[in-house]
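Taking it in order: structure first as structure tokens, then the write-up.
Here, residue 1 is the first one in the sequence, and each next residue gets the next number. Only this structure's heavy atoms are used, side chains among them; waters, hydrogens and symmetry mates stay out.
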Amino acid sequence: MKNKKLLLLSFSISLIYVLLGTIVVLVSFPKFQTFGFSHEHPLWLPLVIFTLPVNILLFGLAMVDLSFSSIFILQTIVFLIYWGIIHLMIKILLSARKKRNKT
């Protein structure tokens, strides 16, 4: 049961992080500015800096090809990579905490 919770936690963290990064990149282009959020919004730059590890490839792709299919494929691959990384990091942190509590 604990493994399922860990898997769900890492899934949700990585999904939110990648989706937030995707939205930040897409609103950088005038065609996709929605709900008053654009690259001129004060929160845009901090969000770009926060999500830069996820979006470094997406910025390059968006400059070349701004089609939803290519963005979806790239962000799916990035999501799966980050899901694995976050899952592994949580496991390592929990095992280190468990080991520390035993001693």
Side-chain angles (χ1 to χ4, degrees):
M1 184 61 139
K2 188 172 183 167
N3 198 16
K4 286 183 181 179
K5 285 183 182 179
L6 180 66
L7 200 61
L8 185 62
L9 177 68
S10 62
F11 177 84
S12 58
I13 289 171
S14 59
L15 182 68
I16 290 169
Y17 188 58
V18 171
L19 280 177
L20 181 66
T22 305
I23 291 170
V24 167
V25 171
L26 287 180
V27 299
S28 302
F29 298 94
K31 175 173 145 178
F32 296 110
Q33 293 174 1
T34 57
F35 305 116
F37 188 69
S38 68
H39 65 281
E40 297 167 349
H41 196 276
L43 277 178
W44 183 80
L45 186 61
L47 286 175
V48 167
I49 294 170
F50 177 68
T51 60
L52 189 63
V54 172
N55 292 333
I56 198 136
L57 294 174
L58 185 57
F59 274 118
L61 177 68
M63 293 295 171
V64 176
D65 181 25
L66 199 58
S67 68
F68 280 114
S69 61
S70 60
I71 290 172
F72 179 74
I73 291 169
L74 177 68
Q75 290 302 87
T76 302
I77 293 168
V78 169
F79 165 72
L80 292 174
I81 291 170
Y82 272 84
W83 185 18
I85 291 171
I86 290 173
H87 184 71
L88 183 64
M89 286 174 48
I90 291 173
K91 274 184 145 179
I92 290 171
L93 288 174
L94 287 177
S95 68
R97 190 171 110 192
K98 186 187 252 186
K99 188 182 282 187
R100 193 177 101 207
N101 286 342
K102 283 186 179 180
T103 59

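- Counting heavy atoms from C-beta outward, V78 and Q75 have side chains that approach closer than 4.5 Å.
- Here F72 is tied to no hydrophobic group at all, with no ILVMFWY side chain closer than 4.5 Å.
- Residues passing the side-chain hydrogen bond (donor to acceptor under 3.5 Å, both in side chains) test with T51, sequence neighbours excluded: N55.
- Looking at residues two or more places apart in sequence or on another chain, you find no side-chain hydrogen bond (donor to acceptor under 3.5 Å, both in side chains) involving T76.
- Hydrophobic clustering (side-chain heavy atoms under 4.5 Å, transitive across Ile, Leu, Val, Met, Phe, Trp, Tyr) keeps L15 apart from I73.
- For the atom pair CG (L57) and CG (L74), the distance works out to 5.5 Å, reported to the nearest 0.5 Å.
- The stretch residues 88-101 participates, sequence neighbours left out, in no side-chain hydrogen bond (donor to acceptor under 3.5 Å, both in side chains) pair at all.
- Linking ILVMFWY side-chain heavy atoms closer than 4.5 Å, directly or via other members, places L19 and I77 in two distinct hydrophobic clusters.
- Under the 4.5 Å side-chain heavy-atom criterion for Ile, Leu, Val, Met, Phe, Trp and Tyr, I49 and V54 are members of the same hydrophobic cluster.
- In plain terms, the two heavy atoms of L58 and T22 that are nearest each other are CD2-CA, 4.0 Å.
- Side-chain heavy atoms closer than 4.5 Å link hydrophobic residues (I, L, V, M, F, W, Y) into clusters, and following such links, possibly through other members, connects F68 to L20.
- Linking Ile, Leu, Val, Met, Phe, Trp and Tyr residues whenever their side-chain heavy atoms come within less than 4.5 Å leaves F11 and L88 in two separate clusters.
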What pairs of donor and acceptor atoms, side-chain ones from residues 79-86 against any protein atom, are under 3.5 angstrom apart with sequence neighbours left out?
unit_1 : atom_1 : unit_2 : atom_2 : d
Y82    : OH     : P53    : O      : 3.1
W83    : NE1    : S10    : OG     : 3.0

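- Residues L94 and L6 have side chains in contact (heavy-atom distance under 4.5 Å, counting atoms from C-beta outward).
- Under the side chain to side chain contact (heavy atoms under 4.5 Å, CB included) criterion, S67 pairs with D65, S69, S70, not counting sequence neighbours.
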- request: Please lay out, stage by stage, how I71 and V25 fare under the test side chain to side chain contact (heavy atoms under 4.5 Å, CB included).
  value: CA-CA 10 Å; I71 290 172; V25 171; over 6 Å; no

